[in-house]
Amino acid sequence: MAPSPRVRFAPSPTGFLHVGGARTALFNWLFARHTGGTFILRIEDTDTERTREEWVDGIQSTLRWLGLDWDEGPYRQSERAELYAEAAHKLVASGQAYVPEGEASVIRFRVPKEGVTSFTDLIRGEVSIKNDTLEDFVVVRSTGHPTFYMANAVDDVDMGVTHVIRGEDLLPSTARVLLLREALGTTEQPVFAHLPLLVGQDRQKLSKRHGDVALEDYRDKGYLAEALRNYLALLGWAPRDGREIVPIEDVVSEFQLEDVTKAAAYFDHQKLDHINGEYIRALPVATFVRESLPWLESDPPWPPENFDADVFDRMASLVQERVKTLAEVPGMVDFFFVDEVTYDEKSWQKAMKSPAAAVLDDAIVEYEKCEWEPTVLHQITLEVGERHGLKLAKAQAPVRVAVTGRSVGPPLFESLAVLGRERVLARLRAAWQRIGSEEEA
RNA sequence: GGCCCCAUCGUCUAGUGGCCUAGGACACCACCCUCUCAAGGUGGAGACACGGGUUCGAAUCCCGUUGGGGCUGCCA
(Lines give C-alpha, C1' and ligand atoms only; values in the text may rest on other atoms or scores of the structure.)
Protein backbone atom coordinates (compact mmCIF):
# COMPACT_ATOMS: atom_id res chain seq x y z
CA MET A 1 0.00 0.00 0.00
CA ALA A 2 1.29 3.42 -0.92
CA PRO A 3 2.11 5.59 2.06
CA SER A 4 -0.41 8.26 2.94
CA PRO A 5 0.43 11.43 0.98
CA ARG A 6 2.17 14.26 2.73
CA VAL A 7 2.07 17.70 1.18
CA ARG A 8 3.19 21.06 2.38
CA PHE A 9 2.44 24.68 1.73
CA ALA A 10 5.68 26.56 2.22
CA PRO A 11 5.22 30.33 2.09
CA SER A 12 7.97 32.81 2.67
CA PRO A 13 6.85 35.36 5.29
CA THR A 14 8.10 38.37 3.40
CA GLY A 15 4.63 39.73 2.72
CA PHE A 16 0.94 39.04 3.02
CA LEU A 17 -0.57 35.87 1.64
CA HIS A 18 -1.40 36.76 -1.92
CA VAL A 19 -3.94 35.33 -4.29
CA GLY A 20 -1.49 33.02 -6.03
CA GLY A 21 -0.15 31.66 -2.77
CA ALA A 22 -3.67 31.10 -1.51
CA ARG A 23 -4.52 29.10 -4.61
CA THR A 24 -1.40 26.97 -4.09
CA ALA A 25 -2.34 26.44 -0.47
CA LEU A 26 -5.87 25.53 -1.47
CA PHE A 27 -4.78 22.94 -4.02
CA ASN A 28 -2.40 21.37 -1.51
CA TRP A 29 -5.18 21.29 1.04
CA LEU A 30 -7.66 19.84 -1.44
CA PHE A 31 -5.24 17.11 -2.42
CA ALA A 32 -4.53 16.25 1.20
CA ARG A 33 -8.20 16.17 2.14
CA HIS A 34 -9.14 14.19 -0.96
CA THR A 35 -6.51 11.55 -0.36
CA GLY A 36 -6.72 11.47 3.40
CA GLY A 37 -3.16 12.72 3.49
CA THR A 38 -1.38 15.23 5.68
CA PHE A 39 -1.26 18.95 5.01
CA ILE A 40 1.84 20.56 6.47
CA LEU A 41 2.46 24.28 6.92
CA ARG A 42 6.10 25.22 6.68
CA ILE A 43 7.33 28.76 7.00
CA GLU A 44 10.36 29.32 4.78
CA ASP A 45 11.97 32.10 6.75
CA THR A 46 15.60 31.62 5.86
CA ASP A 47 15.86 35.17 4.59
CA THR A 48 16.21 36.87 7.94
CA GLU A 49 16.44 40.27 6.32
CA ARG A 50 12.99 40.17 4.81
CA THR A 51 11.09 37.96 7.22
CA ARG A 52 8.69 39.70 9.58
CA GLU A 53 6.70 38.13 12.38
CA GLU A 54 3.56 40.01 11.44
CA TRP A 55 3.60 38.23 8.09
CA VAL A 56 4.04 34.87 9.76
CA ASP A 57 0.91 35.59 11.80
CA GLY A 58 -0.92 37.17 8.92
CA ILE A 59 -0.42 34.21 6.62
CA GLN A 60 -1.75 31.84 9.23
CA SER A 61 -4.82 33.88 10.06
CA THR A 62 -5.62 34.32 6.40
CA LEU A 63 -5.32 30.58 5.78
CA ARG A 64 -7.67 30.00 8.69
CA TRP A 65 -10.11 32.55 7.34
CA LEU A 66 -10.13 30.66 4.04
CA GLY A 67 -10.83 27.48 5.97
CA LEU A 68 -7.53 25.82 5.10
CA ASP A 69 -6.52 24.01 8.26
CA TRP A 70 -3.18 22.28 8.48
CA ASP A 71 -2.33 19.04 10.22
CA GLU A 72 1.31 19.72 11.06
CA GLY A 73 3.30 22.83 11.70
CA PRO A 74 3.85 25.55 11.28
CA TYR A 75 7.45 24.43 11.08
CA ARG A 76 9.93 27.26 10.95
CA GLN A 77 13.08 26.85 8.92
CA SER A 78 14.73 29.40 11.16
CA GLU A 79 14.45 26.84 13.94
CA ARG A 80 16.02 24.03 11.97
CA ALA A 81 19.45 25.52 11.34
CA GLU A 82 21.38 22.53 12.58
CA LEU A 83 19.79 20.26 9.97
CA TYR A 84 20.95 22.47 7.15
CA ALA A 85 24.38 22.95 8.67
CA GLU A 86 24.76 19.23 8.92
CA ALA A 87 23.77 18.78 5.29
CA ALA A 88 26.16 21.51 4.19
CA HIS A 89 28.96 19.88 6.12
CA LYS A 90 28.23 16.58 4.49
CA LEU A 91 28.28 18.08 1.02
CA VAL A 92 31.53 19.91 1.58
CA ALA A 93 33.17 16.87 3.16
CA SER A 94 32.28 14.74 0.16
CA GLY A 95 33.39 17.38 -2.29
CA GLN A 96 29.91 17.95 -3.67
CA ALA A 97 29.94 21.51 -2.46
CA TYR A 98 32.73 24.00 -2.01
CA VAL A 99 33.67 27.44 -0.83
CA PRO A 100 34.53 29.41 -3.95
CA GLU A 101 37.56 31.67 -4.10
CA GLY A 102 36.72 35.30 -3.72
CA GLU A 103 33.23 34.70 -2.47
CA ALA A 104 34.03 34.56 1.20
CA SER A 105 32.06 32.07 3.22
CA VAL A 106 29.29 31.14 0.83
CA ILE A 107 29.00 27.51 -0.11
CA ARG A 108 28.16 26.48 -3.63
CA PHE A 109 26.84 23.17 -4.78
CA ARG A 110 28.90 21.48 -7.44
CA VAL A 111 26.45 20.67 -10.24
CA PRO A 112 27.43 17.58 -12.23
CA LYS A 113 28.63 18.68 -15.65
CA GLU A 114 27.00 15.77 -17.38
CA GLY A 115 23.73 13.96 -17.30
CA VAL A 116 20.11 14.90 -17.27
CA THR A 117 17.82 15.46 -14.33
CA SER A 118 14.27 14.44 -14.99
CA PHE A 119 11.15 14.08 -12.94
CA THR A 120 7.51 13.26 -13.19
CA ASP A 121 5.02 16.07 -13.04
CA LEU A 122 1.41 15.02 -12.62
CA ILE A 123 0.25 18.03 -14.56
CA ARG A 124 2.97 18.37 -17.18
CA GLY A 125 4.27 14.87 -17.67
CA GLU A 126 7.98 14.09 -17.83
CA VAL A 127 10.27 17.08 -17.55
CA SER A 128 14.01 16.89 -18.24
CA ILE A 129 16.71 19.44 -17.74
CA LYS A 130 20.30 18.99 -18.83
CA ASN A 131 22.68 19.41 -15.97
CA ASP A 132 25.19 21.39 -18.01
CA THR A 133 22.67 24.23 -18.31
CA LEU A 134 22.81 24.68 -14.56
CA GLU A 135 25.44 26.68 -12.77
CA ASP A 136 26.88 25.92 -9.39
CA PHE A 137 24.41 27.53 -7.05
CA VAL A 138 24.72 28.85 -3.53
CA VAL A 139 23.39 26.59 -0.80
CA VAL A 140 24.68 28.49 2.21
CA ARG A 141 24.83 32.26 2.34
CA SER A 142 27.65 34.27 3.82
CA THR A 143 25.40 34.81 6.83
CA GLY A 144 25.44 31.09 7.44
CA HIS A 145 21.75 30.76 6.59
CA PRO A 146 20.74 28.18 4.00
CA THR A 147 19.23 29.25 0.70
CA PHE A 148 15.87 28.09 -0.54
CA TYR A 149 17.38 25.16 -2.42
CA MET A 150 19.11 23.75 0.60
CA ALA A 151 16.34 24.23 3.12
CA ASN A 152 13.74 23.04 0.68
CA ALA A 153 15.61 19.86 -0.22
CA VAL A 154 16.49 19.00 3.36
CA ASP A 155 13.02 19.67 4.71
CA ASP A 156 11.09 17.84 2.06
CA VAL A 157 13.19 14.77 2.74
CA ASP A 158 13.07 15.17 6.49
CA MET A 159 9.31 15.76 6.55
CA GLY A 160 8.60 12.90 4.21
CA VAL A 161 6.87 15.07 1.65
CA THR A 162 5.49 12.79 -1.05
CA HIS A 163 3.85 15.34 -3.36
CA VAL A 164 5.24 18.75 -4.15
CA ILE A 165 2.40 20.98 -5.31
CA ARG A 166 3.48 24.54 -6.10
CA GLY A 167 3.46 27.26 -8.68
CA GLU A 168 4.96 26.77 -12.09
CA ASP A 169 7.44 29.54 -11.38
CA LEU A 170 9.30 27.02 -9.26
CA LEU A 171 9.54 24.45 -12.01
CA PRO A 172 13.06 25.41 -13.13
CA SER A 173 14.34 25.08 -9.58
CA THR A 174 13.21 21.47 -9.41
CA ALA A 175 16.33 20.14 -11.08
CA ARG A 176 18.56 21.90 -8.55
CA VAL A 177 16.62 20.60 -5.59
CA LEU A 178 16.60 17.10 -6.99
CA LEU A 179 20.35 17.17 -7.57
CA LEU A 180 20.81 18.34 -4.00
CA ARG A 181 18.60 15.59 -2.62
CA GLU A 182 20.60 13.04 -4.54
CA ALA A 183 23.87 14.43 -3.26
CA LEU A 184 22.46 14.15 0.23
CA GLY A 185 21.78 10.50 -0.34
CA THR A 186 18.08 10.47 -1.15
CA THR A 187 17.32 8.47 -4.23
CA GLU A 188 13.53 8.52 -4.27
CA GLN A 189 11.75 11.53 -5.69
CA PRO A 190 8.51 13.11 -4.62
CA VAL A 191 5.78 13.45 -7.21
CA PHE A 192 5.60 16.96 -8.56
CA ALA A 193 2.61 18.97 -9.65
CA HIS A 194 3.40 22.45 -10.93
CA LEU A 195 0.26 24.54 -10.93
CA PRO A 196 -0.42 27.00 -13.75
CA LEU A 197 0.43 30.54 -12.76
CA LEU A 198 -2.18 33.12 -11.92
CA VAL A 199 -1.69 36.16 -14.11
CA GLY A 200 -2.90 39.73 -14.28
CA GLN A 201 -4.49 41.55 -17.16
CA ASP A 202 -1.08 41.82 -18.83
CA ARG A 203 -0.75 38.01 -18.71
CA GLN A 204 2.24 38.33 -16.43
CA LYS A 205 2.62 36.52 -13.15
CA LEU A 206 0.34 38.00 -10.52
CA SER A 207 2.39 40.21 -8.25
CA LYS A 208 2.08 43.21 -6.01
CA ARG A 209 2.16 45.65 -8.87
CA HIS A 210 -1.13 44.25 -10.14
CA GLY A 211 -2.87 45.57 -7.04
CA ASP A 212 -5.56 43.75 -5.10
CA VAL A 213 -3.45 40.67 -4.60
CA ALA A 214 -3.47 40.47 -0.80
CA LEU A 215 -6.03 37.94 0.23
CA GLU A 216 -6.92 39.84 3.36
CA ASP A 217 -7.96 42.75 1.15
CA TYR A 218 -10.70 40.61 -0.30
CA ARG A 219 -12.07 39.97 3.13
CA ASP A 220 -11.97 43.71 3.76
CA LYS A 221 -13.76 44.37 0.51
CA GLY A 222 -16.73 42.24 1.46
CA TYR A 223 -15.99 38.89 -0.11
CA LEU A 224 -17.05 35.71 1.64
CA ALA A 225 -14.30 33.18 2.32
CA GLU A 226 -16.42 30.40 0.84
CA ALA A 227 -16.95 32.35 -2.36
CA LEU A 228 -13.31 33.26 -2.76
CA ARG A 229 -12.29 29.69 -2.07
CA ASN A 230 -14.79 28.43 -4.63
CA TYR A 231 -13.51 30.84 -7.24
CA LEU A 232 -9.88 30.01 -6.52
CA ALA A 233 -10.63 26.30 -6.97
CA LEU A 234 -11.95 27.09 -10.44
CA LEU A 235 -8.66 28.61 -11.53
CA GLY A 236 -7.01 25.63 -13.14
CA TRP A 237 -9.54 23.05 -12.17
CA ALA A 238 -13.17 22.26 -12.96
CA PRO A 239 -15.57 19.62 -11.72
CA ARG A 240 -16.66 16.96 -14.19
CA ASP A 241 -20.27 18.05 -14.31
CA GLY A 242 -19.49 21.64 -15.19
CA ARG A 243 -20.95 23.19 -12.08
CA GLU A 244 -19.28 26.37 -10.95
CA ILE A 245 -20.89 26.99 -7.61
CA VAL A 246 -19.52 23.96 -5.83
CA PRO A 247 -19.72 23.19 -2.12
CA ILE A 248 -16.26 22.64 -0.72
CA GLU A 249 -17.09 19.05 0.26
CA ASP A 250 -17.77 18.29 -3.39
CA VAL A 251 -14.57 19.96 -4.48
CA VAL A 252 -12.69 17.83 -1.98
CA SER A 253 -14.27 14.63 -3.15
CA GLU A 254 -13.83 15.36 -6.85
CA PHE A 255 -10.44 17.05 -6.84
CA GLN A 256 -7.64 15.33 -8.72
CA LEU A 257 -4.26 16.78 -9.59
CA GLU A 258 -4.41 15.05 -12.96
CA ASP A 259 -7.35 17.26 -13.86
CA VAL A 260 -5.51 20.50 -13.27
CA THR A 261 -5.02 22.54 -16.44
CA LYS A 262 -1.65 23.61 -17.77
CA ALA A 263 -2.18 27.12 -19.03
CA ALA A 264 -1.90 30.23 -16.88
CA ALA A 265 -5.19 31.67 -15.65
CA TYR A 266 -6.33 35.25 -15.38
CA PHE A 267 -7.84 36.25 -12.07
CA ASP A 268 -11.16 37.72 -13.16
CA HIS A 269 -12.70 40.04 -10.60
CA GLN A 270 -16.01 40.14 -12.43
CA LYS A 271 -16.46 36.43 -12.13
CA LEU A 272 -15.43 36.54 -8.50
CA ASP A 273 -18.09 39.20 -7.96
CA HIS A 274 -20.70 37.00 -9.58
CA ILE A 275 -19.78 34.00 -7.46
CA ASN A 276 -19.70 36.13 -4.33
CA GLY A 277 -23.18 37.38 -5.16
CA GLU A 278 -24.37 33.79 -5.48
CA TYR A 279 -22.95 32.96 -2.08
CA ILE A 280 -24.42 36.05 -0.48
CA ARG A 281 -27.86 35.27 -1.85
CA ALA A 282 -27.60 31.70 -0.59
CA LEU A 283 -26.97 32.86 2.98
CA PRO A 284 -29.74 32.53 5.56
CA VAL A 285 -31.00 36.07 6.13
CA ALA A 286 -29.88 36.03 9.75
CA THR A 287 -26.37 35.17 8.64
CA PHE A 288 -26.42 37.88 6.03
CA VAL A 289 -27.43 40.35 8.72
CA ARG A 290 -24.68 39.21 11.02
CA GLU A 291 -22.06 39.39 8.26
CA SER A 292 -23.26 42.84 7.25
CA LEU A 293 -23.10 44.41 10.69
CA PRO A 294 -19.38 45.22 10.63
CA TRP A 295 -19.90 47.19 7.45
CA LEU A 296 -22.85 49.04 8.93
CA GLU A 297 -21.20 49.82 12.21
CA SER A 298 -17.72 50.89 11.29
CA ASP A 299 -17.25 54.07 9.34
CA PRO A 300 -20.77 54.25 7.86
CA PRO A 301 -21.89 57.07 5.56
CA TRP A 302 -24.28 58.38 8.22
CA PRO A 303 -24.05 59.50 11.86
CA PRO A 304 -23.33 56.16 13.61
CA GLU A 305 -25.85 56.81 16.36
CA ASN A 306 -28.60 56.89 13.74
CA PHE A 307 -28.20 53.24 12.88
CA ASP A 308 -31.20 51.12 13.76
CA ALA A 309 -30.69 47.36 13.64
CA ASP A 310 -34.42 46.73 13.44
CA VAL A 311 -34.72 48.81 10.32
CA PHE A 312 -31.91 46.88 8.70
CA ASP A 313 -33.45 43.59 9.74
CA ARG A 314 -36.64 44.47 7.94
CA MET A 315 -34.80 45.40 4.76
CA ALA A 316 -32.13 42.72 4.87
CA SER A 317 -33.64 40.12 2.56
CA LEU A 318 -34.30 42.77 -0.07
CA VAL A 319 -30.76 44.08 0.16
CA GLN A 320 -29.26 40.62 0.16
CA GLU A 321 -30.39 39.79 -3.33
CA ARG A 322 -28.99 43.03 -4.71
CA VAL A 323 -25.39 43.09 -3.60
CA LYS A 324 -22.35 41.26 -4.85
CA THR A 325 -20.16 42.20 -1.92
CA LEU A 326 -20.92 43.06 1.68
CA ALA A 327 -19.20 46.38 1.14
CA GLU A 328 -22.14 47.45 -1.01
CA VAL A 329 -24.61 47.00 1.83
CA PRO A 330 -24.29 50.44 3.48
CA GLY A 331 -24.84 52.17 0.16
CA MET A 332 -28.11 50.30 -0.26
CA VAL A 333 -29.62 51.46 3.00
CA ASP A 334 -27.95 54.77 3.71
CA PHE A 335 -31.16 56.74 3.18
CA PHE A 336 -32.66 55.13 6.28
CA PHE A 337 -29.98 56.53 8.52
CA VAL A 338 -28.89 59.86 7.15
CA ASP A 339 -30.40 63.02 8.59
CA GLU A 340 -30.89 64.53 5.17
CA VAL A 341 -30.73 62.82 1.80
CA THR A 342 -28.23 64.01 -0.73
CA TYR A 343 -29.62 63.82 -4.21
CA ASP A 344 -27.74 62.16 -6.97
CA GLU A 345 -27.87 64.89 -9.60
CA LYS A 346 -28.34 62.57 -12.55
CA SER A 347 -31.18 60.77 -10.85
CA TRP A 348 -32.76 64.07 -9.92
CA GLN A 349 -32.62 65.50 -13.43
CA LYS A 350 -34.15 62.39 -14.86
CA ALA A 351 -36.91 61.88 -12.33
CA MET A 352 -37.98 65.40 -11.51
CA LYS A 353 -39.16 66.49 -14.92
CA SER A 354 -42.79 67.57 -15.22
CA PRO A 355 -45.23 66.37 -14.00
CA ALA A 356 -43.04 65.27 -11.08
CA ALA A 357 -44.04 68.19 -8.89
CA ALA A 358 -47.71 67.40 -9.34
CA VAL A 359 -47.09 63.72 -8.62
CA LEU A 360 -45.26 64.59 -5.43
CA ASP A 361 -48.01 66.98 -4.49
CA ASP A 362 -50.66 64.30 -4.88
CA ALA A 363 -48.55 61.69 -3.18
CA ILE A 364 -48.12 63.95 -0.17
CA VAL A 365 -51.87 64.38 0.11
CA GLU A 366 -52.59 60.68 -0.22
CA TYR A 367 -49.71 59.45 1.93
CA GLU A 368 -50.88 61.71 4.74
CA LYS A 369 -54.07 59.77 5.23
CA CYS A 370 -53.54 56.26 3.89
CA GLU A 371 -52.83 53.06 5.72
CA TRP A 372 -49.03 52.87 6.06
CA GLU A 373 -48.30 49.58 4.47
CA PRO A 374 -46.40 48.49 1.32
CA THR A 375 -49.33 47.16 -0.69
CA VAL A 376 -51.40 50.23 0.08
CA LEU A 377 -48.56 52.61 -0.78
CA HIS A 378 -48.08 50.66 -3.97
CA GLN A 379 -51.74 50.99 -4.92
CA ILE A 380 -51.94 54.65 -4.06
CA THR A 381 -48.83 55.54 -6.01
CA LEU A 382 -50.25 53.63 -8.94
CA GLU A 383 -53.44 55.69 -8.77
CA VAL A 384 -51.59 58.97 -8.43
CA GLY A 385 -49.64 58.09 -11.52
CA GLU A 386 -52.76 57.28 -13.47
CA ARG A 387 -54.15 60.71 -12.71
CA HIS A 388 -51.19 62.16 -14.58
CA GLY A 389 -51.16 59.57 -17.33
CA LEU A 390 -48.09 57.83 -15.91
CA LYS A 391 -47.33 54.17 -15.50
CA LEU A 392 -46.16 53.12 -12.11
CA ALA A 393 -42.57 52.90 -13.29
CA LYS A 394 -42.63 56.62 -14.10
CA ALA A 395 -44.78 57.64 -11.17
CA GLN A 396 -42.58 56.04 -8.55
CA ALA A 397 -39.42 57.68 -9.86
CA PRO A 398 -39.86 61.14 -8.31
CA VAL A 399 -40.97 59.58 -5.03
CA ARG A 400 -37.95 57.34 -5.01
CA VAL A 401 -35.50 60.12 -5.72
CA ALA A 402 -37.15 62.40 -3.19
CA VAL A 403 -36.97 59.79 -0.46
CA THR A 404 -33.76 57.91 -1.21
CA GLY A 405 -31.81 60.42 -3.27
CA ARG A 406 -31.30 58.00 -6.15
CA SER A 407 -33.20 56.37 -8.97
CA VAL A 408 -32.10 52.87 -8.00
CA GLY A 409 -32.39 51.04 -4.74
CA PRO A 410 -34.36 48.45 -2.80
CA PRO A 411 -38.09 48.08 -3.54
CA LEU A 412 -39.64 51.45 -2.88
CA PHE A 413 -42.86 50.70 -1.06
CA GLU A 414 -41.24 48.42 1.46
CA SER A 415 -38.66 51.13 1.98
CA LEU A 416 -41.33 53.77 2.56
CA ALA A 417 -43.14 51.53 4.99
CA VAL A 418 -39.99 50.98 7.00
CA LEU A 419 -38.87 54.60 6.86
CA GLY A 420 -42.12 55.83 8.40
CA ARG A 421 -44.76 58.32 7.38
CA GLU A 422 -43.25 61.40 8.98
CA ARG A 423 -39.86 61.12 7.39
CA VAL A 424 -41.29 60.18 4.02
CA LEU A 425 -43.61 63.18 4.02
CA ALA A 426 -40.83 65.50 5.11
CA ARG A 427 -38.63 64.34 2.27
CA LEU A 428 -41.39 64.58 -0.30
CA ARG A 429 -42.08 68.15 0.77
CA ALA A 430 -38.41 69.06 0.67
CA ALA A 431 -38.10 67.70 -2.84
CA TRP A 432 -41.27 69.43 -3.92
CA GLN A 433 -39.89 72.73 -2.70
CA ARG A 434 -36.60 72.15 -4.43
CA ILE A 435 -38.39 71.69 -7.72
CA GLY A 436 -40.22 74.93 -7.10
CA SER A 437 -37.07 76.89 -6.37
CA GLU A 438 -35.42 75.45 -9.45
CA GLU A 439 -38.27 76.58 -11.62
CA GLU A 440 -38.00 80.12 -10.29
CA ALA A 441 -34.30 80.19 -10.97
C1' G B 1 20.78 35.32 -24.93
C1' G B 2 20.34 30.21 -22.54
C1' C B 3 17.04 26.61 -20.28
C1' C B 4 12.05 25.21 -19.25
C1' C B 5 6.65 25.51 -19.55
C1' C B 6 2.27 26.76 -22.19
C1' A B 7 -1.38 27.71 -26.52
C1' U B 8 -10.14 26.20 -27.37
C1' C B 9 -14.88 32.35 -27.36
C1' G B 10 -12.56 38.97 -24.27
C1' U B 11 -12.06 35.74 -19.49
C1' C B 12 -12.34 30.82 -16.67
C1' U B 13 -13.08 26.25 -18.80
C1' A B 14 -15.52 21.22 -21.15
C1' G B 15 -13.34 18.35 -24.79
C1' U B 16 -8.26 12.72 -24.11
C1' G B 17 -9.37 10.40 -32.69
C1' G B 18 -15.55 9.87 -34.90
C1' C B 19 -21.09 11.89 -30.11
C1' C B 20 -18.05 18.93 -32.31
C1' U B 21 -22.36 22.48 -37.65
C1' A B 22 -16.91 22.74 -30.44
C1' G B 23 -20.62 22.60 -24.74
C1' G B 24 -21.01 25.59 -20.04
C1' A B 25 -20.00 29.90 -16.95
C1' C B 26 -18.57 35.33 -16.31
C1' A B 27 -18.73 39.71 -19.07
C1' C B 28 -21.47 41.91 -23.43
C1' C B 29 -26.19 42.74 -26.56
C1' A B 30 -31.63 42.06 -27.27
C1' C B 31 -36.24 40.58 -25.45
C1' C B 32 -39.44 38.77 -21.34
C1' C B 33 -40.66 39.44 -16.16
C1' U B 34 -41.01 43.90 -13.31
C1' C B 35 -42.30 50.02 -8.90
C1' U B 36 -36.25 51.29 -9.93
C1' C B 37 -32.11 48.14 -9.55
C1' A B 38 -30.93 43.34 -8.97
C1' A B 39 -32.29 38.18 -9.38
C1' G B 40 -34.61 34.93 -12.90
C1' G B 41 -36.08 33.33 -18.04
C1' U B 42 -35.33 33.24 -23.49
C1' G B 43 -32.34 34.36 -27.55
C1' G B 44 -27.73 36.49 -29.80
C1' A B 45 -22.71 37.66 -30.94
C1' G B 46 -18.07 35.28 -29.74
C1' A B 47 -12.74 30.38 -29.94
C1' C B 48 -9.88 25.20 -31.63
C1' A B 49 -2.75 30.59 -33.23
C1' C B 50 -0.45 29.01 -38.07
C1' G B 51 1.88 25.28 -41.32
C1' G B 52 3.08 20.41 -42.24
C1' G B 53 2.40 15.37 -41.26
C1' U B 54 -0.06 10.44 -39.07
C1' U B 55 -5.11 8.51 -39.93
C1' C B 56 -10.77 6.42 -43.49
C1' G B 57 -11.33 10.53 -39.90
C1' A B 58 -8.01 15.39 -35.80
C1' A B 59 -9.54 20.73 -31.22
C1' U B 60 -7.76 15.92 -29.73
C1' C B 61 -1.42 12.29 -31.81
C1' C B 62 3.71 13.90 -34.00
C1' C B 63 7.03 17.82 -36.01
C1' G B 64 7.94 22.80 -37.05
C1' U B 65 6.71 28.06 -36.90
C1' U B 66 4.67 31.98 -34.36
C1' G B 67 3.04 33.93 -29.90
C1' G B 68 2.87 34.20 -24.55
C1' G B 69 4.95 33.10 -19.87
C1' G B 70 8.51 31.42 -16.15
C1' C B 71 13.48 30.81 -14.53
C1' U B 72 18.38 32.38 -15.14
C1' G B 73 19.87 36.02 -6.96
C1' C B 74 23.92 35.01 -0.99
C1' C B 75 14.41 35.89 -2.95
C1' A B 76 11.26 31.85 -2.77
Side-chain angles (χ1 to χ4, degrees), chain A residues 10-15 21 44-47 49-51 77 103-108 121 123-125 127-130 132-135 137-149 151-152 166-176 194 196-197 199 201-205 231 234-245 259 261-275 277-278 281 318-324 328 332 347 350-351 374 377-378 381-382 385 391-397 399-401 404 406-416:
Chain A
S12 171
T14 54
E44 304 217 327
D45 55 353
T46 59
D47 185 344
E49 296 289 301
R50 299 200 301 149
T51 290
Q77 290 186 327
E103 266 189 306
S105 41
V106 313
I107 298 178
R108 279 185 185 274
D121 189 295
I123 298 171
R124 282 151 222 288
V127 179
S128 298
I129 292 167
K130 294 187 207 62
D132 64 12
T133 65
L134 269 25
E135 293 179 358
F137 54 92
V138 173
V139 290
V140 178
R141 302 179 236 249
S142 56
T143 57
H145 295 290
T147 60
F148 158 73
Y149 302 111
N152 199 270
R166 31 132 77 149
E168 197 198 337
D169 51 341
L170 291 175
L171 198 153
S173 74
T174 306
R176 295 188 185 85
H194 286 96
L197 255 23
V199 298
Q201 206 131 31
D202 54 5
R203 301 306 298 184
Q204 307 222 336
K205 184 168 80 162
Y231 177 60
L234 259 23
L235 259 20
W237 179 85
R240 295 280 176 184
D241 60 11
R243 277 181 304 166
E244 299 218 303
I245 304 300
D259 293 338
T261 54
K262 296 175 177 153
Y266 169 65
F267 188 88
D268 185 357
H269 291 82
Q270 284 188 313
K271 185 141 185 177
L272 205 214
D273 279 355
H274 172 260
I275 290 176
E278 296 261 15
R281 272 176 264 128
L318 298 174
V319 173
Q320 182 176 6
E321 40 190 311
R322 288 173 168 75
V323 295
K324 287 184 158 58
E328 295 165 40
M332 295 286 283
S347 299
K350 204 175 150 202
L377 290 162
H378 181 283
T381 309
L382 181 73
K391 300 215 175 193
L392 184 54
K394 290 282 183 194
Q396 59 93 41
V399 176
R400 180 183 292 278
V401 173
T404 73
R406 284 183 302 272
S407 55
V408 302
L412 181 61
F413 305 113
E414 281 81 355
S415 299
L416 299 184

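Reminder, nothing fancy here: chain letters follow the sequence lines and each chain counts from 1. Since the structure is predicted, the reported quantities are computational estimates derived from the model, not experimental observations.
- Closest to the side chain of Arg124(A), out of C74(B), U36(B), C5(B), is C5(B).
- Looking at heavy-atom distances under 4.0 Å, Leu134(A) makes no contact with the nucleic acid at all.
- Between Arg243(A) and Asp241(A) there is a salt bridge, since at least one side-chain N of the basic residue sits less than 4.0 Å from a carboxylate O of the acidic one.
- With C35(B), G70(B), C6(B) as the candidates, the nucleotide lying closest to the side chain of Lys205(A) is G70(B).
- For Ala238(A), the listed nucleotide lying nearest its side chain is A14(B); candidates were C4(B), C74(B), A14(B).
- In this structure, G57(B) makes no Watson-Crick or G-U wobble pair, since no nucleotide meets both defining distances under 3.5 angstrom.
- Nearest nucleotide to the Asp268(A) side chain, out of U11(B), A76(B), U36(B): U11(B).
- Picking from C6(B), C12(B), A25(B) the nucleotide with the shortest atom distance to the side chain of Leu235(A) gives C12(B).
- Among the atoms of the strands shown, only primed sugar atoms or phosphate atoms (P, OP1, OP2) are found under 4.0 Å from some heavy atom of Glu44(A).
- Residue Arg322(A) places a side-chain atom within donor-acceptor reach of the base of U36(B), judged by atom type and a 3.5 Å distance cut-off alone.
- The distance between atom CZ of Arg240(A) and atom C1' of G24(B), rounded to the nearest whole Å, is 15 Å.
- Interface remark: the Glu244(A) side chain does form a donor-acceptor pair with the G24(B) base, using a distance-only criterion of under 3.5 Å.
- The CD-C1' distance, from Glu168(A) to A7(B), rounds to 12 Å in whole Å.
- Pairing partner, C3(B): G70(B), with both Watson-Crick or wobble hydrogen-bond distances short of 3.5 Å.
- For C26(B), the OP1/OP2 oxygens have no side-chain nitrogen or oxygen of Gln270(A) closer than 4.0 Å.
- Side-chain contact between Val138(A) and Arg108(A): present, with at least one pair of heavy atoms (C-beta onward) separated by less than 4.5 Å.
- Gly385(A) comes within 4.0 angstrom of nothing in the nucleic acid, heavy atoms only.
- Across all strands shown, Gln320(A) has no heavy atoms under 4.0 Å from either base or sugar-phosphate atoms.
- Residue contacts shown for Thr261(A) are limited to sugar-phosphate atoms, with no base heavy atom under 4.0 Å away.
- Between Arg203(A) and C12(B) there is a side-chain N or O to OP1 or OP2 distance below 4.0 Å.
- Under the Watson-Crick or G-U wobble criterion, with both distances below 3.5 Å, C26(B) is paired with G10(B).
- One can find a donor-acceptor pair under 3.5 Å joining the base of C35(B) and the side-chain atoms of Arg400(A).
- Between C6(B), U11(B), G70(B), one nucleotide has an atom nearer to the side chain of Ala263(A) than all others, and that is C6(B).
- Base contact: Pro410(A) has a heavy atom under 4.0 Å from a base atom.
- Side-chain atoms of Ser142(A) and base atoms of C74(B) include a donor and an acceptor less than 3.5 Å apart.
- A donor and an acceptor atom never sit less than 3.5 Å apart when one is taken from the side chain of Glu278(A) and the other from the base of C26(B).
- Remark: Arg176(A) is not in phosphate contact with C71(B), judged by side-chain N or O atoms under 4.0 Å from OP1 or OP2.
- Base pairing annotation: C35(B) forms no Watson-Crick or G-U wobble pair, as no partner gives both donor-acceptor distances under 3.5 Å.
- Looking at the side chain of Thr46(A), the nearest of the listed nucleotides U11(B), U36(B), A76(B) is A76(B).
- Judged by distance alone, the side chains of Arg166(A) and Thr174(A) do bring a donor and an acceptor atom under 3.5 Å apart.
- Within 3.5 Å, no donor on the side chain of Lys271(A) pairs with an acceptor on the base of A27(B), nor the reverse.
- For Glu414(A), the side-chain atoms get nearest to C35(B) when compared with the rest of U36(B), C35(B), A38(B).
- Across all strands, Tyr149(A) comes closer than 4.0 Å to base atoms (heavy-atom distances).
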